[in-house]
Student: 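I'd like to ask some things about the structure below.
Fair warning: this is a prediction, and the values are worked out from it, not measured in the lab.
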Amino acid sequence: MKNNYFNLMVIVSIALAMTMVFSSCAEDDDSPQFMVSAVINSPSVVEVNQEAILDGTNSQTNSPNPINYRWEFLSRPDNSNTTLQSSSSAIASFIPDVEGNYVISLTVDVDGISDSREVTIQAVGGGLVRIENNITSNTRWTPQTPAGQPDYLITRNVSLSAELTIDPGVIVHHVEDATITVTTDGLIRAIGQSNNPITFNINDETSGSKMGSFIILSSDARNTFEHCIFKNGDVIEAQQNGRFGVKFSTFENMLGGIAAVGNAEFVTLEQNTFIDCEQFGVIGSLSNVAKIDSESNFENVPNAVIILGDRLESSGDTRLNKLNGTNEPGYLFDRTNNFSIQSNLFLSAGVVLRFKENFVLNVDDGYLSSEGTQDEKVLMTSNNIAGGQYWQGLRINSTNANNKIDHTIIEYAGNSGMDLFGSNARRRDTNVGITRNGRASITNSTIRNGNGIGLTVGQDGSLIDFENNTFENNANFAVTISASNYDKIDETTTYTDNGFNGVRVEHENISNNGNWTKLSEGASYRLATDIEIRAEVNIEAGTIISLEENVLINIIEGFVNSTGTSGSPVTFTTANLDAGQFWRGIRIASSDARNNFEHTIFEYGGNTNIILTSNFLSRQTLVGLMPEANTTFTDCTFRNSRGWGIAIREGATVNSDFATVNTFENNASGDIEDYQ
């Protein structure tokens, strides 16, 4: 009985305790929740022996009870003995006794809840000059303090409407966002020395803040920054008709380096260095950024140079120099559609051009000369390869014979159809396009990773020289040319991993005498449209010409001399045997006795009839001779025709041993239809 009583008492005690706990929790939940926030207002720079006021009166709380304040030093310069005055009041102060940074904290609390903030105040030598007003009369800034200390402090936005000269060694500090604007009536000449530069900086580097811009509205070409150091700032920018030059200067940890927008102009840009600029080093029109010399350097700058505007207008010769530094610094075209070159543009060895998605670079007038070297190629590429973005490509409209692409890499283009023929229905996705009447040389260059064709030469477009190029990993044809360019293709150019490894031939007729050259191993020509030949054409041994379905070669004037060998024949064949497609055939009307086919293979043709007489007599045949034709065939093979191997109309002339010195195999209608 006693034990039962004891157990009952324990249970009752636990229940009472739990009730008290829950009751206490309920009371806590109903209690008001207060907040407190510390706020400090203070100068960021003061002079030694001048009082620094620390104002915490803007600290806030929602409690009805008063705020308690506690100020204290977190750090002081060595040898400083200063103390805080009124350290438990809303407003405190101290007098810095040596130069350097003073770090002070404010802790506020109310009802047991607290918050803290800290501030850094820089104490500078007593000679510091505060610039608190606009500069309206000619002024010279000279060193005011011991070396290494700031001489001038820009405390607000300042307008310069007179001439300001800054001497070597001067250090200018800005409070956060403080900007100097050189008005149309102003002039700034900040000329330091290599061993005694002029420095512009934020007043407290540890704050992470930025000083404001230099804005140049003055068109005076004497605006100059030479041997200057800019740190922790926004940008040095010419606007409207502003002009300035920069030489031997450094821009470090800036949002941007220097800029010329609108009609503004860089007078000169020489041997400058850009380090850790967040957005860009230099920004301006192409003619402006072309003033960057080959000695300038860009270190860890994501967009070294950004090109504004939509054209390079006629202004003589313009040259872009290689940009030195890390991260393959290059020129980024800012536009998202197109840029027109209307003058002469030279790209030096090592130049890198970057383009946004769907951008097309047009050479409209003058010419483009892109001249890399074996060791330092010019590179034209997408600005976002990792994002799978392609630019549209390089389009050459200019008829100037000086257009030259040499030792140049052009990649990741062909994003959308380029108009090369004056017809939207015949647009081409291509890395490089030469339009109607456009002219260019392409040598020792690589065209790769295109979303369509590597190179397209439009109808009436011309290749002046084409040699020793590389086409690789283009999704469609490696090269597409108009027929008149047949004799410009060389044997040393290589074709690897393209949608079609070789040269597609389309449009026009052949009226220019020349050699039809064998392509490199494994590559072939592909004829896409009917072609008329009215010239003297020599086809080299080993040349492979494949023809799309129902395509006809019509030899009307001049002659074709197809000279293969037993080990390296010339071959005319179908472009798509796997799909069962046959080409139409070769019709010979030319009476030139130099028509000659030796060690040549004709196969998989005869798809539809070829008209062979004036009264429209026609035959399905690999080769058809019209009455006036004069041709020699030796050691040739005619095989796998859907019709005849060869059809010879009355009046045509062939070698007398024709039937015995050639080979005929598997021709559906027969080997020779001879109406002699």
Side-chain angles (χ1 to χ4, degrees), residues 477-481 483 486-487 489-495 498 500-506 510 514-531 533 537-555 559-588 595-607 610 620-625 631-647 658 661-668 671-672:
F477 299 99
V479 177
T480 294
I481 61 172
Y486 77 99
D487 58 336
I489 306 300
D490 68 314
E491 188 174 352
T492 59
T493 292
T494 60
Y495 310 85
N498 302 281
F500 174 77
N501 288 321
V503 178
R504 186 174 190 257
V505 182
E506 61 181 9
I510 295 177
N515 294 328
W516 201 320
T517 304
K518 171 191 174 184
L519 299 181
S520 59
E521 190 65 31
S524 64
Y525 296 91
R526 181 168 177 166
L527 271 61
T529 56
D530 292 354
I531 291 175
I533 296 178
V537 177
N538 293 288
I539 304 178
E540 294 184 357
T543 300
I544 302 173
I545 300 175
S546 63
L547 298 93
E548 295 185 6
E549 188 172 29
N550 216 36
V551 168
L552 172 71
I553 297 176
N554 200 1
I555 305 171
F559 65 84
V560 170
N561 179 26
S562 173
T563 310
T565 66
S566 58
S568 185
V570 173
T571 302
F572 294 87
T573 188
T574 176
N576 195 346
L577 181 60
D578 291 341
Q581 294 182 359
F582 285 65
W583 55 294
R584 191 173 177 192
I586 297 176
R587 176 169 54 196
I588 302 175
N595 281 306
N596 177 56
F597 294 87
E598 184 176 348
H599 286 291
T600 299
I601 298 172
F602 307 92
E603 63 180 9
Y604 298 106
N607 187 58
I610 300 174
Q620 284 180 254
T621 183
L622 284 168
V623 178
L625 274 60
T631 313
T632 300
F633 295 91
T634 308
D635 296 315
C636 294
T637 298
F638 300 78
R639 65 191 183 195
N640 300 318
S641 172
R642 276 191 170 167
W644 293 93
I646 186 169
F658 167 79
V661 296
N662 298 293
T663 300
F664 298 86
E665 301 173 353
N666 195 34
N667 298 299
D671 297 331
I672 304 171

Student: Please report the C-alpha distance between T573 and E603 in whole Å, then the side-chain angles of each, then the deciding distance to 0.1 Å, and finally whether the side chain to side chain donor-acceptor pair (under 3.5 Å) criterion is met.
Tutor: CA-CA 5 Å; T573 188; E603 63 180 9; 2.8 Å; yes

Student: If every non-hydrogen atom of T574 is compared with every non-hydrogen atom of N576, which pair is closest and at what distance?
Tutor: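 Smallest interatomic distance, heavy atoms only, reads OG1-N, 3.1 Å.
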
Student: Between T631 and I555, does the side-chain contact (heavy atoms from CB on, under 4.5 Å) criterion hold? Intermediate values first, please.
Tutor: CA-CA 11 Å; T631 313; I555 305 171; over 6 Å; no

Student: Could you check if a side-chain atom of F572 sits within less than 4.5 angstrom of a side-chain atom of V623, using non-hydrogen atoms only?
Tutor: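 They are not in contact (no side-chain heavy atoms under 4.5 Å apart), so the answer is no.
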
Student: Which distance, rounded to the nearest 0.5 Å, do you find between the OG1 of T563 and the CG of N538?
Tutor: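 Going from the OG1 atom of T563 to the CG atom of N538 covers 6.5 Å.
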
Student: Does either side chain, that of N596 or that of N561, offer a donor lying less than 3.5 Å from an acceptor on the other one?
Tutor: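 Per modelled atom types, N596 and N561 side chains form a pair under 3.5 Å.
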
Student: Measuring from I489:CD1 to I481:CD1, what's the distance to the nearest 0.5 Å?
Tutor: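 So the CD1 of I489 and the CD1 of I481 are separated by 4.5 Å.
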
Student: Is there a donor-acceptor pair under 3.5 Å between the side chain of S562 and the backbone N or O of T600?
Tutor: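 No: the side chain of S562 does not pair with the backbone of T600.
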
Student: With a 4.5 Å cut-off on side-chain heavy atoms, are I533 and F559 touching?
Tutor: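 No - every pair of side-chain heavy atoms lies 4.5 Å or more apart.
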
Student: I'd like to know if the side chain of N662 and the backbone of C636 have a donor-acceptor N/O pair within less than 3.5 Å.
Tutor: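 Indeed, once roles are kept as given, a pair shorter than 3.5 Å links the two residues.
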
Student: Within 45° of the six-membered ring axis of F500 and under 6.0 Å from that ring's centre, is NZ or CZ of R526 located there?
Tutor: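 Yes, a cation-pi geometry.
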
Student: Looking at T637 and R639, what are the two nearest heavy atoms and their distance?
Tutor: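 Residues T637 and R639, closest heavy atoms: CG2-CD, 3.7 Å.
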
Student: F633 and V661: which non-hydrogen atoms are nearest, and at how many Å?
Tutor: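 Between these two residues, the closest heavy atoms are O-CG2, 3.7 Å.
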
Student: Verify whether the ring centers belonging to F597 and F602 lie closer than 6.0 Å.
Tutor: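 Yes - the distance between ring centres of F597 and F602 falls below the 6.0 Å cut-off.
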
Student: Without hydrogens or angle criteria, can the side chains of N554 and R587 be said to hold a donor-acceptor pair below 3.5 Å?
Tutor: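 Result is yes, a qualifying pair exists.
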
Student: Identify the two heavy atoms, one from A483 and one from I510, that lie closest to each other, and give their separation to 0.1 Å.
Tutor: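 The pair with the smallest heavy-atom distance is O-CG1, 3.6 Å.
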
Student: Please report the closest heavy-atom contact between R642 and N607, naming both atoms and the distance.
Tutor: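 Reported closest heavy-atom pair: NH1-OD1, 2.6 Å.
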
Student: Looking at V503, L552, V551, which hits side-chain contact (heavy atoms from CB on, under 4.5 Å) with L527?
Tutor: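 Exactly one pass, corresponding to V551.
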
Student: Over 60° means perpendicular and under 30° means parallel, so classify the ring planes of F664 and F638, tilted if in between.
Tutor: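 Correct class here is parallel.
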
Student: Return yes if some donor-acceptor pair links the side-chain N/O of Y525 with the main-chain N/O of T543 below 3.5 Å, else return no.
Tutor: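 No, because the side chain of Y525 does not come within donor-acceptor range (under 3.5 Å) of the backbone of T543.
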
Student: Just one of I544, V570, T571 clears the side-chain contact (heavy atoms from CB on, under 4.5 Å) bar with I601, so which one?
Tutor: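 With I601 as partner, side-chain contact (heavy atoms from CB on, under 4.5 Å) holds for just one option, T571.
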
Student: Would you check if the side chain of D487 reaches a backbone N or O of W516 as a donor-acceptor pair within less than 3.5 Å?
Tutor: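 Looks like no, no N/O pair under 3.5 Å.
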
Student: Quick one: pull up CG in N640 and CG in L622 and give me the separation to the nearest 0.5 Å.
Tutor: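 Reported to 0.5 Å precision, the distance equals 8.5 Å.
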
Student: Is it true that a side-chain atom of N515 and a backbone atom of T517 form a donor plus acceptor pair closer than 3.5 Å?
Tutor: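 Checked: no pair found.
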
Student: To the nearest 0.5 Å, what is the distance between CZ on R584 and CD on E548?
Tutor: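 These two atoms lie 15.0 Å from each other.
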
Student: Taking all non-hydrogen atoms of both residues into account, name the closest pair between F582 and G605 and its distance.
Tutor: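 Between these two residues, the closest heavy atoms are CD2-O, 3.4 Å.
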
Student: Rounded to the nearest 0.5 Å, what separates atom OG1 in T663 from atom CG in D635?
Tutor: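 Between atom OG1 of T663 and atom CG of D635 there are 7.5 Å.
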
Student: With rounding to the nearest 0.5 angstrom, report the CD1 to CD1 distance, I672 to I646.
Tutor: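 Going from the CD1 atom of I672 to the CD1 atom of I646 covers 7.0 Å.
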
